[in-house]
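Below is one structure, written out as structure tokens, with a few remarks after it.
Model, not experiment: these values are computed from the prediction. Computation of the quantities below employed the complete heavy-atom set of this structure, encompassing side-chain atoms and omitting hydrogens, waters and symmetry-equivalent molecules.
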Amino acid sequence: MTEKKKTTIVLLSGDYDKVMAAYIIANGAAAYDHEVTIFHTFWGLNALRKDENILAKKGFMEKMFAKMMPRGADKMGLSKMNFAGFGPKLIKNVMKKHNAIPLPQLIEMALEQDVKLIACTMTMDLLGLQKEELLDHIEYAGVAAYLADAENGHVNLFI
């Protein structure tokens, strides 16, 4: 029996285009029967935030982070040419015209393909994010869990 290939991605970026690239790669690897893990840390956690406002008990700094960070994958800015929020609208229109799958659907597809989506618990603590603010059906772990997956990884990416 052949060993199943593993792909791991550390998703640090909160830029729409970079997160989209990570999920395109993850879905492609899963389609090629790889065991895939995306470890979301720092701004990459915003891809896992629910769109709606979730009331959670937070301190002052956590409330400030919550207001400054985009709520959900569809609200992220672009890494280049963001143009005060106009850039993402433009790229989404171009994507729609070319029948490209939008980021929220890429995330759903990843879940359907059993891509392991992990939220970094240490970063959640630092940014004041709570489990109820993040998508359902994801996992929560620290860096040791990612390293355990990456140790046997055939493809390990940092985005």
Side-chain angles (χ1 to χ4, degrees), residues 1-52 54 69-83 85-124 126-127 129 131-159:
M1 188 170 103
T2 60
E3 177 187 5
K4 192 166 189 171
K5 299 225 182 236
K6 289 186 176 189
T7 296
T8 66
I9 300 171
V10 173
L11 184 55
L12 170 74
S13 177
D15 297 323
Y16 187 91
D17 46 327
K18 292 177 183 176
V19 173
M20 189 158 175
Y23 274 90
I24 289 170
I25 293 166
N27 280 304
Y32 277 99
D33 205 31
H34 285 216
E35 187 179 305
V36 183
T37 298
I38 305 177
F39 184 77
H40 300 75
T41 189
F42 286 93
W43 315 122
L45 281 169
N46 290 318
L48 299 178
R49 287 186 77 192
K50 292 179 180 172
D51 291 339
E52 66 269 12
I54 305 293
M69 295 187 307
R71 191 174 295 123
D74 214 30
K75 305 247 180 5
M76 297 175 146
L78 292 175
S79 59
K80 305 279 188 225
M81 299 182 286
N82 194 45
F83 302 128
F86 185 70
K89 290 180 178 114
L90 188 66
I91 196 72
K92 288 173 192 173
N93 283 334
V94 171
M95 288 170 54
K96 188 175 182 179
K97 182 179 174 185
H98 291 278
N99 296 317
I101 301 171
L103 182 54
Q105 281 73 33
L106 286 172
I107 295 171
E108 286 175 26
M109 188 185 302
L111 285 167
E112 289 168 6
Q113 293 194 86
D114 295 323
V115 171
K116 192 184 331 181
L117 305 183
I118 301 176
C120 176
T121 52
M122 183 201 74
T123 306
M124 287 175 65
L126 290 174
L127 300 178
L129 289 172
K131 288 182 181 182
E132 56 267 16
E133 295 178 89
L134 302 182
L135 299 176
D136 299 328
H137 312 296
I138 64 171
E139 298 179 33
Y140 301 88
V143 71
Y146 167 75
L147 290 172
D149 282 343
E151 184 173 37
N152 299 316
H154 296 88
V155 179
N156 295 301
L157 303 173
F158 187 91
I159 299 175

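The distance from atom CD of Gln105 to atom CE of Met109, rounded to the nearest 0.5 Å, is 8.5 Å. The CD1 atom of Ile101 sits 10.5 Å away from the CD atom of Glu108 when rounded to the nearest 0.5 Å. Here Tyr140 contributes atom OH and Leu48 contributes atom CG; the two are 8.0 Å apart, rounded to the nearest 0.5 Å. Expressed to the nearest 0.5 Å, how far CG of Leu134 lies from CD of Glu139 amounts to 13.0 Å.
With a 4.5 Å cut-off on side-chain heavy atoms, Trp43 and Leu127 count as touching. Contact of the Leu12 side chain with the Lys18 side chain is not registered, since no non-hydrogen atoms from C-beta on lie closer than 4.5 Å. Proximity of Met69 to Leu45: side-chain heavy atoms (C-beta onward) are nowhere separated by under 4.5 Å. With contacts defined as side-chain heavy-atom distances shorter than 4.5 Å, the pair Tyr32/Thr7 does not qualify. Leu11 is listed as a side-chain neighbour of Tyr23, based on a closest heavy-atom distance under 4.5 Å. You'll find the side chain of Phe39 stays beyond 4.5 Å of the side chain of Leu147, heavy atoms only.
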Start with the C-alpha gap between His154 and Glu3, add the side-chain angles, then the distance that decides, and say whether side-chain contact (heavy atoms from CB on, under 4.5 Å) holds.
CA-CA 11 Å; His154 296 88; Glu3 177 187 5; 4.0 Å; yes
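Paired with Ile107 under the rule side-chain contact (heavy atoms from CB on, under 4.5 Å), one option of Leu135, Ile138, Ile38 passes, and it is Leu135.
Across all their heavy atoms, Gly72 and Asp51 have their closest contact at CA-OD1, 3.6 Å. Asn156 and Gly153 make their closest contact through ND2-O, 3.7 Å (heavy atoms, listed as atom of the first residue, atom of the second, distance). Of all the heavy atoms in Tyr146 and Val10, the pair that sits closest is CZ-CG2, 3.3 Å. Contact between Asp136 and Lys50 at its shortest, heavy atoms only, is OD1-NZ, 3.6 Å. His40 and Gly44 get closest at one heavy-atom pair: CD2-O, 3.4 Å. Across all non-hydrogen atoms, the minimal contact from Lys4 to Asp33 is CE-O, 3.0 Å.
Surrounding NZ of Lys5 are at most 12 heavy atoms belonging to other residues, nucleotides or ligands under 6.0 Å away.
Judged as a salt bridge (charged side-chain N to carboxylate O under 4.0 Å, His left out), and not counting sequence neighbours, Lys97 has no contacts. Partners of Lys131 under the salt bridge (charged side-chain N to carboxylate O under 4.0 Å, His left out) rule, at least two apart in sequence or in another chain, do not exist in this structure.
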Sequence neighbours left out, cut at 3.5 Å: what donor-acceptor pairs do the side chains of residues 113-124 make with other protein atoms?
residue : atom : partner : partner atom : Å
Gln113  : OE1  : Ala31   : N            : 3.4
Gln113  : NE2  : Asn27   : O            : 3.4
Gln113  : NE2  : Asn27   : OD1          : 2.8
Lys116  : NZ   : Asp149  : OD1          : 3.4
Lys116  : NZ   : Asp149  : OD2          : 3.0
Thr121  : OG1  : Ala141  : O            : 3.4
Thr123  : OG1  : Thr41   : OG1          : 2.8

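Between the Arg71 side chain and the Arg49 main chain, no donor and acceptor come within less than 3.5 Å of each other.
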